[in-house]
Number of protein chains: 2
Amino acid sequence: MLDRALTLDELLCFSLYSANHAMGRLYRPLLARFDLTYPQYLVLVALWQQDGRKVSDLGAELQLESNTLTPLLKRMETAGLIRRARNPQDERSVIVTLTDKGRALEGEAAEISNCILAAADADLAELAELRDRLHRLTSRLREAG
Amino acid sequence: MLDRALTLDELLCFSLYSANHAMGRLYRPLLARFDLTYPQYLVLVALWQQDGRKVSDLGAELQLESNTLTPLLKRMETAGLIRRARNPQDERSVIVTLTDKGRALEGEAAEISNCILAAADADLAELAELRDRLHRLTSRLREAG
DNA sequence: TCTATTTAAATCGTACACGATTTAATCGTA
DNA sequence: TACGATTAAATCGTGTACGATTTAAATAGA
């Protein structure tokens, strides 16, 4: 047991916080051109991958609950990117579906990933390895929680 | 140039977002025992490392501006952890100083890092390498921004 | 079948995060 | 020394996050 706290630079959590933060700053101007925030973009990525999902399914993938997702999805609906409708088979759940506008963004936004890759300025294999290490860390942290 | 967006699992940014998120969920209950939020904890870590700093210096280290820090620091002052006082040498700046209570938390909170390390369930060398990879990524992302 | 329980969203209150603006103090230069 | 430019916090509005609670629908058992 240490008798002092680690410094910021020593904390793994802070390196995650900083990297995530720096990533957010890169995404922000790219997404602003589409009037998207970063969490809204993640919702679109999830829906491009598989459309017509329940709020709770999106939440499971993004690790967000209805208290965060409901207002976020309402804003996206107002922006004309998605539709929200009660599931006729089970009126408790709400199905989220892309509009034509929301679907059309997939092609336009594809360049965003390229911009990020260029900014990271590292070869794909290195980034893929970092990504996989992070996935393993995330799994272990969730198991412990 | 890709004509489709990457899936969530393929995005490095999402693996960062998820790992950061999982880390936050692990910290939350540990910090709640001290009535601290995660950003407040980071401010304390920074002050334990070096006390008596300007708001802008804290901001440079945490990558936060006064619009975020000012209300956060006011809450910490109300909680009796820090003091805020205008710098007599330059009344534009505000110096943030730990109270006895804020300083005393360093020893009590030292166990938090150990809990996180235990949850990460990996040897220190592996975590240190991941941390250093993240630092390098953050540097490159900031240069590009 | 009726009711207690469970489930899924939504709502509420608090706390970050950040772009844009405002206020106040200091500095630079004529 | 006066005054425009710069600097540091603070303020304002919007958008996440999240714990706790509420509402409404579906389900399981007596």
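Order of the sequence lines sets the chain letters (A, B, ...), proteins ahead of strands, with each chain counted from 1.
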d(OH, B/Y38; P, C/dC16) in whole Å: 13 Å
Where at least one partner belongs to residues 134-143 of chain A, residue pairs that pass salt bridge (Lys or Arg N to Asp or Glu O under 4.0 Å), sequence neighbours excluded: A/R140-B/E126
Expected list for residues 28-35 of chain A: side-chain donor-acceptor pairs under 3.5 angstrom, two or more places apart:
residue, atom, partner, partner atom, Å
A/R33, NH2, A/E111, OE2, 3.4

Nearest-angstrom distance from the residue atom CG of B/N20 to C1' of C/dA17: 13 Å
5' priority, DNA chain C, between A/H21 and A/V55 [closest heavy atom]: A/V55
Touch class at under 4.0 angstrom, heavy-atom based, for A/Y17 against every strand present: sugar-phosphate
By salt bridge (Lys or Arg N to Asp or Glu O under 4.0 Å) - contacts of B/R53 (at least two apart): B/E61
Residue whose nearest DNA chain D nucleotide is more 5′ - A/N67 or A/P39: A/P39
Strand-adjacent residues in residues 69-86 of chain A, judged by heavy atoms under 4.0 Å from DNA chain C: A/T70, A/K74, A/R84, A/R86
Phosphate contact (C/dC18 OP1 or OP2) by B/Q63 side-chain N/O below 4.0 Å: no
Listed once per pair and sorted, the side chain to side chain donor-acceptor pair (under 3.5 Å) pairs that draw on residues 90-100 of chain B, sequence neighbours left out: B/N87-B/S93, B/D90-B/R92, B/D100-B/R103
Check: A/T70 side chain, A/N67 main-chain N or O, donor-acceptor pair, under 3.5 Å: no
Parallel, tilted or perpendicular: ring planes of A/Y17 versus B/Y38, cut at 30 and 60 degrees: perpendicular
Span of DNA chain D in contact with chain A (heavy atoms, under 4.0 Å): D/dG15 to D/dA26
Salt-bridge criterion met for A/R133 and B/E129 (N-O under 4.0 Å): yes
Sugar-phosphate, base or nothing in reach of B/E65, heavy atoms under 4.0 Å: nothing
Atom of A/S66, atom of A/P71 and distance for their closest heavy-atom approach: O-CD, 3.9 Å
Closest-nucleotide 5' rank along DNA chain D - winner of A/Q89 and A/T68: A/T68
Rounded interatomic separation in angstrom, taking CZ from A/R28 and P from C/dA17: 11 Å
